[in-house]
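Notes for the one structure printed next.
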Amino acid sequence: MRKLKNSELDRLDVDEFKNATKTPIIIVLDNIRSLNNIGSVFRTSDAFLVEKIYLCGITAKPPHKDIHKTALGATDSMAWEYVEHTIDLVTKLKSDGVEIVSIEQAENAVFLNDFIVESNKKYALVFGNEVKGVAQEIVSASDVVLEIPQYGTKHSLNISVSAGVVVWDLWSKLNAL
């Protein structure tokens with residue numbers, strides 16, 4: 001086996017990406033403090049043709065060198081918008097028919113592997129603060145809460161890892177429909 005060169009990967013350029021059909025997934029970052037996590041979520045979102053990223057509360061906005069360091073240019077390809085109050089965004093998205101899915105450990109949460117997607121729905125995935133998680137107000141306003149099953153001693157995953165796991169899972173399920 002031979003490693004492929006970047007030129008052999010047949011990736012979209014930024015204009016092609018912007019015109020491509022997107023996966024019906026929206027990412028909502030609820031008060032994320034780490035610029036590296038933000039950049040990583042941009043990069044993952046680009047990889048799976050996510051429709052848009054919303055940056056809320058204290059979540060930093062591009063351009064910023066620490067976001068750029070992990071996004072590797074994905075801030076140029078990804079549609080994004082800043083909204084100060086996450087609850088205002090969630091209320092608007094719900095009124096637009098988007099299913100609000102918080103990624104959190106909560107009562108009656110659905111394990112990610114048990115979550116069934118529907119082809120006619122758009123999903124807004126809410127990822128919360130690295131210490132406090134998704135705000136209770138947002139969890140309460142969610143249509144569903146997804147929990148990533150974990151079997152070790154730790155109580156949580158890094159936000160960028162969680163985003164990668166959940167986006168990949170939903171992308172896989174949506175593309176299997």
Side-chain angles (χ1 to χ4, degrees), residues 1-30 32-55 59-82 98-99 101-105 110-130 133-134 146-177:
M1 263 190 258
R2 173 185 67 82
K3 286 176 52 176
L4 296 176
K5 298 174 185 170
N6 284 348
S7 61
E8 296 176 285
L9 296 177
D10 195 32
R11 296 292 192 250
L12 303 175
D13 66 28
V14 173
D15 289 332
E16 291 170 328
F17 180 92
K18 288 182 177 184
N19 292 316
T21 302
K22 301 296 186 288
T23 307
I25 295 173
I26 295 167
I27 302 290
V28 178
L29 298 182
D30 178 28
I32 304 302
R33 61 185 182 159
S34 166
L35 297 143
N36 291 323
N37 281 335
I38 298 164
S40 181
V41 170
F42 266 88
R43 192 166 160 191
T44 297
S45 297
D46 174 284
F48 296 103
L49 289 167
V50 165
E51 186 175 302
K52 189 169 186 175
I53 299 173
Y54 285 96
L55 309 169
T59 307
K61 306 174 287 296
H64 191 287
K65 67 180 176 81
D66 288 334
I67 294 174
H68 181 72
K69 181 171 45 174
T70 49
L72 294 178
T75 55
D76 298 328
S77 57
M78 281 302 306
W80 65 272
E81 182 179 336
Y82 175 77
V98 177
E99 182 154 328
V101 181
S102 285
I103 313 308
E104 189 56 83
Q105 296 161 327
V110 176
F111 277 150
L112 178 61
N113 48 302
D114 294 328
F115 184 63
I116 298 169
V117 298
E118 297 176 40
S119 61
N120 60 341
K121 283 192 179 179
K122 186 178 293 188
Y123 298 93
L125 305 177
V126 183
F127 296 92
N129 179 272
E130 293 89 341
V134 178
L146 287 184
E147 181 175 344
I148 301 169
Q150 298 169 61
Y151 303 101
T153 62
K154 298 300 155 201
H155 300 287
S156 65
L157 295 169
N158 179 283
I159 172 72
S160 62
V161 172
S162 294
V165 167
V166 175
V167 170
W168 163 252
D169 184 78
L170 266 65
W171 183 88
S172 297
K173 290 173 180 175
L174 287 164
N175 279 288
L177 295 176

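Here, residue 1 is the first one in the sequence, and each next residue gets the next number. The analysis underlying the following values was restricted to heavy atoms, covering all of them including side chains, and did not include hydrogens, waters or symmetry mates.
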Exercise. Hey, is the main chain of V41 close enough, under 3.5 Å, to the side chain of T44 for a donor-acceptor pair?
Worked result: no

Exercise. Between S119 (side chain) and L177 (backbone), is there a donor-acceptor pair under 3.5 Å?
Worked result: no

For this session: Over all heavy atoms of both residues, which pair between E130 and N37 is shortest? Give the atoms and the distance, please.
Result: OE2-ND2, 3.0 Å

Exercise. Roughly how far apart are L49 CG and L12 CG, rounded to 0.5 Å?
Worked result: 6.5 Å

Exercise. Given F42 and W80, is the side chain to side chain contact (heavy atoms under 4.5 Å, CB included) satisfied, shown in steps?
Worked result: CA-CA 9 Å; F42 266 88; W80 65 272; 3.7 Å; yes

Exercise. Under 3.5 Å, side chain of T70 to main-chain N/O of N36, donor-acceptor pair present?
Worked result: yes

Exercise. Does the side chain of L170 come within less than 4.5 Å of Y123's, by heavy atoms?
Worked result: yes

Exercise. Rounded to the nearest 0.5 Å, what separation is found between the CZ atom of F127 and the CD1 atom of I32?
Worked result: 9.0 Å

Exercise. Atom CD of E147 and atom CZ of F115: how far apart are they, to the nearest 0.5 Å?
Worked result: 14.5 Å

Exercise. Closest approach of I25 and V50, non-hydrogen atoms and distance?
Worked result: O-CG1, 3.1 Å

For this session: Tell me whether the centres of the aromatic rings in F48 and W168 are closer together than 6.0 Å.
Result: yes

For this session: Of all the heavy-atom pairs spanning P62 and I67, show the shortest one and how long it is.
Result: N-CD1, 3.9 Å

For this session: Give a yes or no on whether the backbone of A60 and the side-chain of Y82 come within a donor-acceptor separation of less than 3.5 Å.
Result: no

Problem set entry | Minimum heavy-atom distance between G133 and D30, given as atom pair plus value | O-OD2, 4.4 Å

Problem set entry | salt bridge (charged side-chain N to carboxylate O under 4.0 Å, His left out) partners of residues 1-19, not counting sequence neighbours, each pair once | R2-E8

For this session: To the nearest 0.5 Å, tell me how far H68 NE2 sits from L35 CG.
Result: 13.5 Å

Exercise. With distance as the sole criterion, is a donor-acceptor pair present between the side chains of S160 and N158 under 3.5 Å?
Worked result: yes

Problem set entry | Full working for side chain to side chain contact (heavy atoms under 4.5 Å, CB included) between V167 and S45 | CA-CA 8 Å; V167 170; S45 297; 5.5 Å; no

Exercise. Side-chain contact, heavy-atom cut-off 4.5 Å: I103 with V126?
Worked result: no

Exercise. Any sub-3.5 Å donor-acceptor pair from K154's side-chain atoms to G152's backbone N or O?
Worked result: no

Exercise. Are side-chain heavy atoms of F111 and D114 found at a separation under 4.5 Å?
Worked result: yes

For this session: Mind running salt bridge (Lys or Arg N to Asp or Glu O under 4.0 Å) on E99 and K122 for me, showing each step along the way?
Result: CA-CA 6 Å; E99 182 154 328; K122 186 178 293 188; over 6 Å; no

For this session: Can you measure from CG (L146) to CG (L112) and round to the nearest 0.5 angstrom?
Result: 6.0 Å

Exercise. Do E81 and L55 pass the side chain to side chain contact (heavy atoms under 4.5 Å, CB included) test, and can you show the C-alpha distance, the side-chain angles, and the key distance before you say yes or no?
Worked result: CA-CA 6 Å; E81 182 179 336; L55 309 169; over 6 Å; no

Problem set entry | Closest non-hydrogen atom pair between E51 and A79, with its separation | O-CB, 3.8 Å

Exercise. When rounded to the nearest 0.5 angstrom, what is the spacing between CG in N113 and CG in D169?
Worked result: 7.5 Å

Exercise. Is the backbone of V28 close enough, under 3.5 Å, to the side chain of K52 for a donor and an acceptor to pair up by distance?
Worked result: no

Problem set entry | Working for side chain to side chain contact (heavy atoms under 4.5 Å, CB included), residues M78 and R43 | CA-CA 9 Å; M78 281 302 306; R43 192 166 160 191; over 6 Å; no

